[in-house]
Amino acid sequence: MTKSQVLVQSFSQVPVIDISALVSGTEQQQIVASQINQACRECGFFYITGHGVDEDLQLRLQQLSQEFFAQDLATKMEIQMALAGKAWRGYFPVGGELTSGKPDLKEGIYFGTELEANHPLVKASTPMHGANLFPSNIPLFRETVLDYMDAMTRLGHHLMAGISLSLGLEKSYFADRYTSNPLTLFRIFNYPPNLAVSDSEPSWGVGEHTDYGILTILKQDNSGGLQVKSRSGWIDASPIPGSFVCNIGDMLELMTGGLYKSTPHRVKNISARNRLSFPFFFDPNFDVEVKPIKLGEVVNNDKEERWDKANVHDFRGTYGDYVLSKVSKVFPELRRVVL
């Protein structure tokens, strides 16, 4: 395979894939895998339908999230991230996260796998592991978030089986090597309306970036504003009812030697109201070493084209090493306190 064959092509829209065969395990799953292969080569993004995630659960999550963000800042700060220490969980206010080196125009709550104090990783003070912080004044918030994370984890395993098949590997390739105990991170973001009087200096909810791990599964409301970078320009990934938006991250690009690309994307709230977004990150085990898959000579070093001028193919180490190096830049103040 030549280098020109693995470059992300120009595309005009994000493909839609019905993954019901993956969820049910029917014979049609190889067809789904082929569609995933094409989407990951050409776009790095795809919508999924037929995922089976309960609609009522999604609605409850959205309603409770609206209730949380409608509160005053002092109340929201009762679960601020600094209180979670190394677990790296909790609330941050607008401007508290620096995705591209500049403050994002969003606020949010960080969650992860719920672990008790006696869990070995917690007892070892492993960063990004521990208990979540939940608002005590909103009934069912905790239960809804944890139920949603369980549903997304199951969906992540289905999708990774499809990605394994899409690469011509055994269905359990990633589960056997990387995601038997995935690092699952969940965010709830609220993007306030952009009140800037001029577009000369755009205020991005999230600036151009790529995701760190293997797979992101995004639920977005109907406000719009997500954009995906194509060689021909920025493409809107407008909301499709009943779907999730999936994209691959830096570690899958590294593993596939650039065959599958970690595509830059950004968000700007284009509506006159608050915009809710629910990204779920299904990533490798924290302590597993990430290695290239032997797919042939397909390495594509696009360092000069990447938003951060970094070459993901140069990385050697565990996924924990990689993700900590990234999140510590996103929250520099918190880094000084907990790392």
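Note that the structure is predicted; figures quoted are calculated from it, not measured. Computed from heavy atoms alone, side chains included, the values below leave out hydrogens, waters and symmetry copies. Sequence positions, counted from 1, serve as the residue numbers for this chain.
- Around CD of Gln38, the count of heavy atoms belonging to other residues, nucleotides or ligands within 6.0 Å does not exceed 12.
- The OG atom of Ser65 sits 6.0 Å away from the CG atom of Leu276 when rounded to the nearest 0.5 Å.
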Quiz item: After noting the C-alpha distance and the side-chain angles of His209 and His265, does the key distance pass the ring-ring contact (aromatic ring centres under 6.0 Å, His included) rule?
Solution: CA-CA 6 Å; His209 68 286; His265 48 288; 4.3 Å; yes
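- Atom-to-atom distance recorded for Asp176:CG and Ser180:OG is 8.5 Å, nearest 0.5 angstrom.
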Exercise. Could you check His157 against Phe282 for ring-ring contact (aromatic ring centres under 6.0 Å, His included), going step by step and ending with a plain yes or no?
Key: CA-CA 9 Å; His157 283 295; Phe282 187 91; 5.0 Å; yes
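- Put simply, the side chain of Asp54 gets close to the backbone of Asp56: a donor and an acceptor are under 3.5 Å apart.
- By the 4.0 Å N-to-carboxylate-O rule, Lys261 lies close enough to Glu253 to be salt-bridged with it.
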Quiz item: Where do Tyr260 and Asn37 land on the side-chain hydrogen bond (donor to acceptor under 3.5 Å, both in side chains) test, with the steps shown first?
Solution: CA-CA 8 Å; Tyr260 288 179; Asn37 177 280; 3.0 Å; yes
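- Using cut-offs of 30° and 60° for the angle between ring planes, the Tyr91 and Phe68 rings count as perpendicular.
- Taking CD1 of Ile109 as the reference point, atom CZ of Phe186 lies at 9.0 Å (rounded to 0.5 Å).
- The nearest pair of heavy atoms linking Gly213 to Asp283 is CA-OD1, 3.2 Å.
- The aromatic rings of Phe286 and His129 stand perpendicular to each other, their planes meeting at an angle above 60°, with 30° marking the opposite boundary.
- Of the N and O atoms on the side chains of Thr318 and Asp321, at least one donor lies less than 3.5 Å from an acceptor on the other residue.
- Glu208 pairs in a side-chain hydrogen bond (donor to acceptor under 3.5 Å, both in side chains) with only one of the listed residues (Arg266, Gln227, Lys229), which is Lys229.
- Within a 6.0 Å sphere centred on CD of Gln13, other residues, nucleotides and ligands contribute 12 heavy atoms or fewer.
- The distance from atom CZ of Phe46 to atom CG of Leu159, rounded to the nearest 0.5 Å, is 6.0 Å.
- Distance check, rounded to the nearest 0.5 Å: CZ of Arg187 to OG1 of Thr216 gives 10.0 Å.
- For the residue pair Pro103 and Gly95, the shortest heavy atom distance occurs at CB-O, 3.7 Å.
- Here CD of Gln58 is found 12.5 Å from CG of Asp221. Values are rounded to the nearest 0.5 Å.
- With salt bridges taken as basic N to acidic carboxylate O contacts below 4.0 Å, one links Glu107 and Lys76.
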